[in-house]
Amino acid sequence: MKRVLVLCTGNSCRSQMAEGYLKEFLNGKAEVHSAGVENHAINENAIKIMKDDGVDISQNESNHVSEFEQIDFDFIITVCDHAYETCPSFFSKKAVRIHKNFFDPSKIEDEEKLIFGFEKCRNEIKKFCLEFCTAYF
C-alpha cells in the first residue's frame, strides 16, 4: 500500500483539509497522514468548512513531522512554501515530492471575508487532491 504525507507549517488547516480529501477520495487505497514542521491545534474553521462539504476531520490530530521520520513514504506533498523550504531531509529519497502553495485562510482577520477565504482554500485543495488521485492512483 502506498503512503502519503501532507506537510504544512502547523498541521492545523491546509494539510488537515488535504488529508481529509485524500482519505475520502482514495478510500483505503493509500495510507494518508498529515503533519507540520511546527505543532498547532486544528483550526475550528477548517473543521467547519470541511464538514460543510461532507468530510469530517473533527477527530484528526495535529502531528509534528518528526513523528513520521521512520515511515518510508511514497509521496510527500507540501501545501505551503514554509513547509517546502523547511521539509526535513530524513525522508526517503524515493518519495515523489509535490509542492503546491495554498494561501493560509487562518491569517484572515476580517470576519466578513473569513468564511469566503476558507471556502476558496478548501475548493482549491479539493481540486488539487482530485488531480493528485487521478494522476497517481
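Counting from 1, the numbers follow the sequence of the chain as shown. Small disclaimer: the values here were computed from a predicted structure and weren't measured.
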Shortest non-hydrogen separation from Ser15 to Leu7 and the atoms involved
CB-C, 4.3 Å
Hey, are the side chains of Asn43 and Phe118 touching, using non-hydrogen atoms and a 4.5 Å cut-off?
yes
Starting at CZ of Phe128, measure out to SG of Cys133 and round the result to the nearest 0.5 Å.
9.5 Å
Closest non-hydrogen contact found for Asn63 with Glu67 is OD1-OE1, 3.3 Å
Indicate the atoms forming the closest heavy-atom contact of Lys23 with Val32, along with that distance.
CE-O, 3.2 Å
Which atom names give the shortest non-hydrogen contact between Cys80 and Arg14, and what distance separates them?
CB-NH1, 3.4 Å
Please tabulate, one pair per line, all N/O donor-acceptor pairs under 3.5 Å involving side-chain atoms of residues 33-40, not counting sequence neighbours.
from	atom 1	to	atom 2	distance (Å)
His33	NE2	Glu31	OE2	2.8
Ser34	OG	Asn11	ND2	2.8
Ser34	OG	Glu19	OE1	2.5
Glu38	OE1	His40	NE2	3.0
Asn39	ND2	Ser62	O	3.3
Asn39	ND2	Ser62	OG	3.2

Decide yes or no for Cys8 and Cys13: does some side-chain heavy atom of the first lie under 4.5 Å from some side-chain heavy atom of the second?
no
Can Phe132 and Phe75 be said to form a ring-ring contact (aromatic ring centres under 6.0 Å, His included), step by step?
CA-CA 10 Å; Phe132 170 81; Phe75 300 95; 5.1 Å; yes
Examine distances only and state if a side-chain atom of Asp110 and a backbone atom of Ile108 form a donor-acceptor pair shorter than 3.5 Å.
no
In the structure I gave you, are the side-chain heavy atoms of Ile76 and Phe68 within less than 4.5 Å of one another anywhere?
no
Asn101 side-chain N/O to Asp81 backbone N/O, donor-acceptor pair under 3.5 Å:
yes
Within 6.0 Å of NZ in Lys94, more than 12 heavy atoms from elsewhere:
yes
Quick one, Ile49 and Met17 - any side-chain contact, counting heavy atoms below 4.5 Å?
yes
Give a yes or no on whether the ring-centroid distance for Phe25 and Phe137 is below 6.0 angstrom.
no
Roughly how far, to the nearest 0.5 Å, is CD of Glu112 from CG of Leu114?
11.0 Å
Working to the nearest 0.5 Å, report the span between CZ of Phe102 and CG of Asn123.
11.0 Å
Kindly compute the distance separating CD1 (Ile57) from CD (Gln16), expressed to the nearest 0.5 Å.
5.5 Å
With a 4.5 Å cut-off on side-chain heavy-atom distances among I, L, V, M, F, W and Y, is there a chain of contacts connecting Ile115 to Ile42?
yes
For residues Ile71 and Ile77: do they belong to one hydrophobic cluster (side chain heavy atoms under 4.5 Å, members Ile, Leu, Val, Met, Phe, Trp, Tyr)?
no
With sequence neighbours excluded, give me every salt bridge (charged side-chain N to carboxylate O under 4.0 Å, His left out) pair touching residues 113-131.
Asp53-Lys126, Lys120-Glu124, Lys127-Glu131
Min side-chain heavy-atom separation Tyr136-Asp74 under 4.5 Å:
no
Do Leu22 and Val6 come close enough that some side-chain heavy atom pair is under 4.5 Å?
yes
In terms of hydrophobic clustering (I, L, V, M, F, W, Y; side-chain heavy atoms under 4.5 Å; direct or indirect links), are Phe116 and Met50 co-clustered?
no
Would you call Arg3 and Leu5 a side-chain contact if the rule is heavy atoms closer than 4.5 Å?
no
